Amino acid sequence: MQSPRTRIVEVLQLQPPCAEVRVKGWLRTVRDSKQVVFLELNDGSSMGILQVVVDPSLPNIEDVRRLTTGSAVGVRGELVPSPAKGQTVELRATEVEIIGRAEADFPLQKKRHSFEFLRTIAHLRNRTNTYGAVFRVRSKLAHAIHCFFQDRGFVYVHTPIITASDAEGAGEMFRVTTLDPAAPPKTPEGRIDWDADFFARQAYLTVSGQLNGETFAIGMGDIYTFGPTFRAENSNTSRHVAEFWMIEPEMAFFDLDDNCTLAEAFVKHLLRTLLEDCAEDVAFFDERIDKGLTARLRHVLESPFERMPYAEAVKRLEASGQSFEYPVFFGANLQAEHERFLTETIIGRPVFVTDYPKEIKAFYMRRNDDGRTVAAVDLLVPQVGELIGGSQREERYDVLLQALEETGLSPQSYAWYLDTRRYGTVPHAGFGLGFERLIMYATGMQNIRDVIPFPRTPRHCEF
RNA sequence: UCCGGAGUAGCUCAGUCGGUAGAGCAGGCGGCUGUUAACCGCCGGGUCAGGGGUUCGAGUCCCUUCUCCGGAGCCA
């Protein structure tokens, strides 16, 4: 059994003096002189660094002197008030155990590295202040998401990662197969014989758990999914990865209005948790990554979210006199520049844009009585643009079937989905939130590759 | 995928007019100091992204390939 340790985040809360404190962690730096050696220790439990003071009388002092940045050590000693500036307490070591020395070519230095470089050492970058903070925030927010839904009686549904549905137009899919790519079995006509594949049909990684989620909402009431999602798009941007996490709640007996109300409460719950439980990390982001972050998050937390139909949003954008790279008109997809101008300049706070033209939205969204729009909603927030996309779902069998056919999808493939509209269909609605986009918003980090531990992007699947 | 920018030591970068490859940090050795991005001295460290071309001579100019970054599209 290993000797016990106290996490540094807790040690820094203690009132010195405290005898027999034991910590373990990794060295950020070593400063040595004849009379005394200083170690700075971090263990990932917080941003905090514990200064360890080592007296030359320790038996292994020569080895301690030669410790390198990145080395793992355990220290036993007395926590005392620090006589010098820079820290309030320090650990006077009575024993320093060298657990794992970092070799001389340890790539992290006591200076600023580019995020670009740190991405190439994703297995080590969690030892830096920024990434440590990012992944602590990520963990807290994941927990907060579960708390929000569980507290409201939602059921957490594990929707499948492997799927046979040919998407809903949500992008390119990764194929899942056990066939030998060099010599796949062929049909008499010379095509690949998918009947011989593992699932006896073509299979893919999921692009969304929504359709499966809907079937559970129609039966279990309020549900949510929270899991990985895959897109094989050749997207090379700071906002796209091939593997990411999504949260998709789905609520029975809900309309678009109810959907917005829940989404607003959801976002505010997450921001409140962030500001309360990750105060130190948020302060770091505010100071080092994105000045004004805290104020922006507080502003959103305290503002009632606006609700506005797409038609009105288009009118307001047209009337603004602002010139855009892409023109605004009814029927056009709102571009990122439009979304941001709307929420930042015209409204000045988050806004739900609702009721989009049916041509630019997915087949499962509920047709409005006007015949030309669907009950869709996007939540736009300052600085980021779209954070949430959702809709009231089409619960009428005939209308859904027609929408499916108009989209060119085969009703046979969606027979199970259509069934829910034949057996006790109900009005229902839901939305999707990209977890990494949320973390970017919460931390001010500009690149999605820096908020997921091991990002998968085109040509990148290391680690 | 399209447009733009970039690629020089382990990292961050400089490199003039085309003329023997540089600094800081990191590493090793030594010194010094209750230090704190510690400091001082010495030392090791390079396929200048790859290939081709122009030239007496290319990190530098030209062509090309690759990679990365940013923006766009797609979207979350």
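Order of the sequence lines sets the chain letters (A, B, ...), proteins ahead of strands, with each chain counted from 1. Source: prediction; values computed, not measured.
Summary of the strand contacts: A:Arg31 and A:Lys34 both lie near RNA chain B, and taking for each the nucleotide with the nearest heavy atom, the more 5' one is attributed to A:Lys34.
If you check residues 331-353 of chain A against RNA chain B, the residues with a heavy atom closer than 4.0 Å are A:Gln335, listed by number. Taking a 4.0 Å limit (strictly below) on heavy-atom distances, residues 135-145 of chain A does not reach RNA chain B anywhere.
Side-chain atoms of A:Thr29 lie closest to B:A38 of the nucleotides B:A72, B:A38, B:C11. The A:Gln51 side chain lies nearest to B:U35 when the options are B:G10, B:U35, B:C69. Taking the side chain of A:His460 as heavy atoms from C-beta on, and the options B:U35, B:C11, B:U67, the nearest nucleotide is B:U67.
In this structure, A:Asp277 has no side chain to side chain donor-acceptor pair (under 3.5 Å) partners at least two apart in sequence or on a different chain. For A:Asn212, there are no side chain to side chain donor-acceptor pair (under 3.5 Å) partners two or more places apart in sequence or in a different chain. The salt bridge (Lys or Arg N to Asp or Glu O under 4.0 Å) search around A:Arg175 returns none, not counting sequence neighbours.
As a whole-Å value, the separation of A:Phe38 CZ from B:C39 C1' is 14 Å. For A:Asp32 and B:C29, the CG to P distance is 11 Å, given to the nearest whole Å. Atom CD of A:Gln109 and atom P of B:U12 are 8 Å apart (whole Å).
Geometrically, A:Arg152 engages A:Phe148 in a cation-pi contact, judged by NZ or CZ lying under 6.0 Å from the ring centre and within 45° of the ring axis. In this structure, A:Arg231 fails the cation-pi test against A:Phe174, since its NZ or CZ atom is not both closer than 6.0 Å to the six-membered ring centre and inside 45 degrees of the ring normal.
OP1 or OP2 of B:C69 lies within a sub-4.0 Å distance of a side-chain N or O belonging to A:Arg449. A close approach under 4.0 Å does not occur between any side-chain nitrogen or oxygen of A:Thr68 and OP1 or OP2 of B:A26. Distances shown here put every side-chain N or O of A:Ser238 at or beyond 4.0 Å from the OP1 or OP2 atom of B:C69.
A:His113 comes within contact range of the sugar-phosphate backbone alone, with a heavy-atom separation under 4.0 Å but no base atom that close. In this structure, A:Glu103 reaches neither bases nor backbone, as no heavy-atom distance under 4.0 Å exists between it and the strands shown.
One finds no salt bridge joining A:Glu287 and A:Lys291 here, because no Lys/Arg side-chain nitrogen approaches an Asp/Glu carboxylate oxygen to under 4.0 Å. In summary, A:Arg28 and A:Glu40 do not engage in a salt bridge, as defined by a charged side-chain N under 4.0 Å from a carboxylate O. Salt bridge absent: A:Asp43 and A:Arg7 never bring a charged side-chain N and a carboxylate O closer than 4.0 Å.
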Scoring nucleotides 1-9 of chain B by protein non-hydrogen atoms under 4.0 Å (B base, S sugar-phosphate only, - none) yields B--------
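Between A:Trp245 and A:Phe226, the ring-plane angle classifies as perpendicular under the 30° and 60° cut-offs.
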